[in-house]
**Q** 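Quick one: the structure is below, questions incoming.
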Amino acid sequence: MSGHATPIPMTSYPSGPLKGVAAVPGDKSISHRALILGALAVGRTEITGLLEGQDVLDTAKAMAAFGAEVTKRVDGAWQVHGVGVGGFQEPDDVIDCGNAGTGVRLIMGAMATSPISATFTGDASLRSRPMRRITDPLALFGARCHGRSGGRLPLTIIGTDRPVPVRYTSPVPSAQVKSAVLFAGLNAPGETVLIEAEATRDHTERMLRGFGGEISSEKTAEGHVIVLRGQPELKPQSITVPRDPSSAAFPVAAALIVEGSNVLVPNIGLNPTRAGLFTTLVEMGADLTFENRREEGGEPVADLRARFSPDLKGVEVPPERAASMIDEYPILSVVAACATGKTTMLGVKELRVKESDRIDAMATGLRASGVKVDTDQDTMTVHGMGAGGVPGGATCQTHLDHRIAMSFLCLGMATKKPVSIEDGAPVATSFPIFEALMTRLGATITRNNSKG
Ligand code: S3P
């Protein structure tokens, strides 16, 4: 879906208490990986709870284009008949990954060490995002990559028929870079080594282990060192995808800032490499309780209850926490606007190369809503106005970015005047049921700026 969907202008109105159960969809990161590793295993992998957002559907389509058989069963589970490591066939058309940075980057890694070529593209947001961070390490394996200026999409990768294993220190804290290197290393002989200074989400390592891959991970003076033995036969798995903590962040945050709210989000993934937002919210004084902690499918999960928290305080979020909450800064900046005092987010320059420049997008919309925000290349500071203190009344640009859209819709539930967005269509990439779910909890969200 590289074309522009028709824009959907939306408005979110100051809301009464949000109450009930928020069953958010499956984890986006885990869903992409389940489809790709399912396609690289020999035989039938079953996936329940797969996120059926557009990003993941585009990855499912891509796996079919590379020769896997991907089907949805009548009971809602997905099946992937994999072709084995090194078994990808050459797609006969361009691979369109829509809005999905994770999809395109992980798939490029997975195909680059096979003797096939593929051309990748995406929507205007994806075509503007940096890809050298992926093509640089893939070239070390022997792949040849030709993109537009700045290494951007559309981009062709000519996979290598003689891959060599690689030892690579990632220059950016990115699970996408790490995963692309590990997926490429699957079809190289010997050991591929990836070193990252800060731990990023580790779903790829956990899932590879589950599929029978030989992979170790160790913290050393050099950083986190991950060692993968190449050319395994991956065994098909039954995967249950936990609910996405990055999607849970929206009803949780909305409950904290809307008076009288009490919302339960069952069964959310609480992998420590993803849980930085919840640590930060607790530091701010949020009323959060984690119930029924357990492990499912190699991932820690719990039921999370969030209650209105009138006395939230601003905090300083340290740079070393950034990787574990990288997708949650937009919604954190909304909570920060409703807290007392200032919240400073340090070491967040990666936000500038997400689906949009998220520092600019949030700062602009918050300022238009009456909130003071300071930014520099790597920092954002939000000057909180206290519970119920944010004026609102703005129309915010979402720049093809689902998380910017959902963040401003949550803001509008707690401001004095409604908040509008010029386009809510991108929400479908990761959280297609957002509007229905939030409405069921008690929010008022309308389309085309017309109430009712
Ligand atoms: C993701 C990694 C993060 C995150 C993205 C999902 C993943 O990106 O922002 O939404 O599934 O690996 P980076 O690896 O670029 O930080």
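This is a predicted model, so every value here is computed, not measured. Each ligand, and each atom within it, is numbered from 1 in the order the structure gives.
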**Q** So, does T45 use its side chain to make a donor-acceptor pair with the main chain of Q237 at under 3.5 Å?
**A** yes
**Q** Give the ring-plane orientation class for F290 versus F278, where under 30° counts as parallel, over 60° as perpendicular and anything between as tilted.
**A** perpendicular
**Q** Flag yes if more than 12 heavy atoms outside R367 fall under 6.0 Å of its CZ atom; otherwise flag no.
**A** yes
**Q** Report the C-alpha distance between D401 and K354 in whole Å, list the side-chain angles of each, state the deciding distance to 0.1 Å, and finish with yes or no for salt bridge (charged side-chain N to carboxylate O under 4.0 Å, His left out).
**A** CA-CA 8 Å; D401 189 329; K354 294 296 177 188; over 6 Å; no
**Q** Return the minimal non-hydrogen interatomic distance between I257 and V335, and the atom names on each side.
**A** CG2-CA, 4.2 Å
**Q** With hydrogens left out, which residues have an atom under 4.0 Å from ligand 1, given that only heavy atoms count?
**A** S29, R33, T102, P173, S174, A175, Q176, R201, I326, D327, K354
**Q** K72: what forms a salt bridge (Lys or Arg N to Asp or Glu O under 4.0 Å) with it, not counting sequence neighbours?
**A** E52
